[in-house]
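Read through the structure below, which is laid out as C-alpha cells, and then see the notes.
In this text, all values refer to a predicted model and were calculated from it rather than measured experimentally. Order of the sequence lines fixes the chain letters, A, B, ..., with proteins taken first and strands second; residue numbering starts at 1 for each chain.
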Amino acid sequence: MPRLEKRLLFPCDVRSFLTDKWRGHCAKDEPDMMRTHTCGELRVQDVDVQVTLCGWADRVRDHGGVLFIDLRDTHGVTQVVVHPEDTPSVFAIGETVRAEWVLSVAGKVAHRPDGTVNPDLHTGEIEVVAAALEPLSKADALPLPLDDSPVDERLRLTHRSLDLRRERLQQNLQLRARIVSSIRQAMESQDFTEIETPTLIRSTPEGARDFIVPSRLSPGSCYALPQSPQIYKQLLMVGGFDRYYQIARCWRDEDARADRQLEFTQLDLEASFCHEEDVYQWVEKAVGAAFEVGGRGAHFTPPLPRLTWHDAIRLYGTDKPDLRAGAPIEDLSSLFLETEFQAFAAAAHKGAVRGWRACGGGSRSRKELDLLTVRAKELGAQGLVWMVVEADRKLRSPIAKFLSEAELAGVRNQLHGDPGDLLLLVADEARVCSEVLGALRVEIAAPRGHAVEDGMALLWVTEFPMFEPGENGPTPLHHPFTAPHPDDLEKMQTAPFEVRSRAYDLVVNGVELGSGSIRIHDRDLQERVFAAIGMPADEIASRFGFLLHAFRFGVPPHGGFACGIDRLAMVLADEPSIRELIAFPKTQSGADPLSGAPAPVTVQQLDDVGLLLSPEVRAQLAGKTAT
RNA sequence: GGUCCUGUAGAACAGCCUGGAGUGUUCGCCGCCCUGUCAAGGCGGAGGUCGCGAGUUCAAAUCUCGUCAGGACCGCCA
C-alpha cells in the first residue's frame, strides 16, 4: 500500500512546513494519482514540469484572447492560463467555468512573462499552461461571498461548508490543529498518558445544568454528558496513572456567549504527588508550546506572574484581570479620613475611596465624562468622581472645591497623575469601588486596543476563596473536592468565606483560559468540607458515592487543571469569538442552522426510552408545524 | 428570564429620526466585447413578501404593538 504509507509520512499542513519535504517525494509517476501537486507548492524550479492540479476556480479572468483561472485548494492558489490559439478546445471549456467549480487541470509549468509576476502569491512567479481542463463538479451561484467581506452570521452557519472555504476559517482551523498537536507533544514529553473517559455518565448535578440522554435499556433513566472529566480523572489517580491528560469534549447546558458554546474542548490534566508549582510548570509548558506555534512565543516568558485572588479583586476589580489595560486601582481611603467632603469621609470610614488613572484620558469632553458617570452607576456605584490633570498639574473636577489642596495633591500623587491624565474615583463599599473602576478600566482601554496590539498578558490567579455565598449557605467556588489552604483550616466552620482554597486560574488578556486545583485526598478533610457546605450524607452518597468509595482504598495526593482549547485558539488567532475557531459552532440559542438541530424526534423514538411530551410542549410543536 | 443592537435584491449597506410610487450605492449574477490579468476592464441587462403579523393613517420600509431570527451583554456558566 504505497499510497497509504505516503499519507502517514506526510499527514498534515503542507503549506506551513512540509512543502520542501513533500516536493520530490511525491510519486508523480503513479498513474492513478488524481493530482501531482497541490495548488500551493509550484515554484520557479518546477518550470517545464508536466503537472496535474485539482482545486476550486477561485477567480476567472476572461480577456477574450487569453483566459486566467486561479485554481485554489487549502494549500494555496496557482494561476492557470489558457491560450485559445494553442488549445481552442480547452479554451471553449474554460470560458464556461464559473466561480467555485471544481476543476482538474493538466499542463506544463511555465515562467510568467516579464512584468507579470505576482509577488502576493507564493506561486506568483509561475503559471500552469493548460493542456487539458476537466470540470469535476459545477457550482451554483454562491449564497455568500468567499472573500473577507462581512457576512451575516446566520447565513455563514447555514452554508458553513462554503464559509469554511474562506481564508479566515482555513487559517483558524489550521492554527487550532497545530495548537492541539503542540499541546499533545508537550504533554507526552512530560510523561502524561492520554486516557479517554466516558461521555455517557451519571448526572452529578453540580454547577452547570447537565445535558441528559435518555436510556432505552433503562426507561425513565438518563445518562448525562460530562461538564468535565473531573470525577473520572480523579478516579484515574486512584487507579495509579499518576499523570493523565486528554483533549476532552465537555458539555454545559447554559446560555452561550462569544467565548462559551454548549459544547467545548478542554485540555484536561491531573497528576499525583504534586503541588501547585508542579501544575503551573506543566501547564506553562503546554500553553507555551501553543503560543510558540501560534507565533506568539516571544510573548510567553515563564514563569508567569502570580496574583492572589484577593489582590486581583482589590487591584483590578475582577478575578480575570487584563494586565494590558493600564494601571491597577489604588486605595485612597487614608487620604480622606478627616476630609470635609462628607461623601468621601463616610466611605473612607465605612467602605473605601479608590481611584484609577486613565493614562492620557483627560482629553475627554464634558459629555463623555458624564457618560462615564452614567456607566459607573449602571455598574452599581453610587457615583463617579472624575478629575482631569491640567498642564499646570492642577486638578479640574466638579468636586475640586470641596477638597483641600493637600487632599487633591494626595490623590494626584498616589495615582501618579501626569498632565493629560484622567483620574476616576469611586467611594463605596471596597468591593464595589474596585469592581466599578475595574470595569471602567477595561472599557476605557478597549477602544485603544491597537496600543496593545500584539500584547499578551498571562498570569496565574491563586488562592481563590473556598466558598461563596449561595442560596443554602456556603457553596464551593470551584468544586467540593478542592483542597482548602492549610493555614485556613480552623476557619472552615467559624468563617467559611475567609477560607482560601488551593484553586488557581490561568488568565490571558482578561480571558479565563482555565482553572484547576489541588484536590482533597484526606477523608476527614473531605467530610469537613461537605459539612461546611451543609450537604447531608444521603445527598453526598447519591452524588459522589462512587468517588468517595474509591477514596477508601488509598488515594494519592493529586491535583490538576483544565484549559479551554477554543479560548486559547481564539486568543492566539486574535478573534472576537470562539465560533471562529470551531468548524461547526452553534448559535447563541443553541441551534445549528446547518443541520437544524435541535429537532423534535418521533413518537417511536420517545417511546423507546419511555418518554412522553407534556401537553404544553405538544401544543407548541403542533403550532410550529402548522405555521 | 432580562437589557440593548440588527433584519431592505444572491451579499454588504444607505434610506427610517421628519410617512408620500421599491428610491439608491458597492459587490455578485446573466449577456456581449476584449491577448497578460491577478479585486482585470468596457457596455448592457435581470433581480425586491423592505423578517413575519397586527394597529394608526387617505397613504407605512419609515410611526406603534406583538412575534421570529442573528448578535453583544446581565442572570446563568462547580
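- By the 6.0 Å contact criterion, CD on A:Glu539 is enclosed, its count of non-hydrogen atoms from other residues, nucleotides or ligands being greater than 12.
- Defined by atom type and a distance below 3.5 Å, a donor-acceptor pair is missing between the side-chain atoms of A:Ser228 and A:Gln266.
- Side-chain atoms of A:Arg165 and A:His159 include no donor-acceptor pair closer than 3.5 Å.
- No contact: A:Val60 has no heavy atom under 4.0 Å from any strand.
- With hydrogens and angles ignored, no donor-acceptor pair under 3.5 angstrom links the side chain of A:Asp152 to the base of B:G7.
- Side-chain nitrogen and oxygen atoms of A:Arg579 include at least one within less than 4.0 Å of the OP1 or OP2 phosphate oxygen of B:A72.
- B:U26 and B:G44 have their P atoms separated by 13 Å, given to the nearest Å.
- For A:Arg61 against B:U35, no side-chain N or O and base N or O form a donor-acceptor pair under 3.5 Å.
- A donor-acceptor contact under 3.5 Å is formed by the side chain of A:His83 with the base of B:G36.
- Salt bridge A:Glu463/A:Arg502: absent, no basic N to carboxylate O contact under 4.0 Å.
- In this structure B:G36 sits in no base pair that meets the Watson-Crick or G-U test at under 3.5 Å.
- In terms of phosphate contacts, A:Arg257 brings a side-chain nitrogen or oxygen within less than 4.0 Å of OP1 or OP2 of B:C74.
- Nucleotide B:G7 forms a pair with B:C68, judged by Watson-Crick or G-U wobble geometry with both contacts under 3.5 Å.
- Within 4.0 Å of A:Asn118, counting heavy atoms only, lies at least one base atom of the nucleic acid.
- In this model, the phosphate group of B:C77 is not approached by any side-chain N or O of A:Gln227 to a distance below 4.0 Å at OP1 or OP2.
- Aromatic ring orientation, A:Phe544 versus A:Phe530: parallel (interplanar angle below 30°, classes split at 30° and 60°).
- Within 4.0 Å of A:Pro113, counting heavy atoms only, lies at least one base atom of the nucleic acid.
- For the OP1/OP2 pair of B:G70 and a distance below 4.0 Å, the side-chain nitrogens and oxygens of A:Thr587 include at least one atom meeting the criterion.
- For B:C76, its base sits under 3.5 Å from the side chain of A:Arg260 at one donor and acceptor pair at least.
- For A:Arg98 and B:G31, the shortest distance from a side-chain N or O to OP1 or OP2 is below 4.0 Å.
- Using a 4.0 Å heavy-atom distance criterion, A:Ser589 is classed as a sugar-phosphate-only contact.
- Across B:U56 and B:G47, the matching C1' atoms stand 33 Å from one another, rounded to whole Å.
- Using a 4.0 Å heavy-atom distance criterion, A:Gln588 is classed as a base contact.
- Using atom P as the reference point in both B:C16 and B:C30, the two lie 34 Å apart (nearest Å).
- For B:G31 and B:A46, the C1' atoms lie 10 Å apart once the distance is rounded to whole Å.
- Within 4.0 Å of A:Glu100, counting heavy atoms only, lies no atom of the nucleic acid at all.
- As judged by a 4.0 angstrom heavy-atom cut-off over every strand, A:Leu121 is placed among residues making no nucleic acid contact.
- Using atom C1' as the reference point in both B:C4 and B:C38, the two lie 44 Å apart (nearest Å).
- Counting distance only, with no hydrogens placed and no angle test, the side-chain atoms of A:Glu254 and the base atoms of B:G75 include no donor-acceptor pair under 3.5 Å.
- Partner assigned to B:G48 is none, using Watson-Crick or G-U wobble distances below 3.5 angstrom.
- Spacing of C1' atoms, B:C27 relative to B:U67, comes out at 33 Å, to the nearest Å.
- Remark: the A:Arg59 side chain and the B:C38 base include no donor-acceptor N/O pair separated by less than 3.5 Å.
- Ring geometry for A:His558 versus A:Phe551: interplanar angle over 60°, hence perpendicular rather than tilted (30 to 60°).
- Separating the P atom of B:C76 from that of B:C65 is a span of 30 Å, rounded to the nearest Å.
- Under a cut-off of 6.0 angstrom, the local environment of OH in A:Tyr223 is sparse, with at most 12 non-hydrogen atoms contributed by other residues, nucleotides or ligands.
- Distance noted for atom P between B:A61 and B:G20: 9 Å (whole Å).
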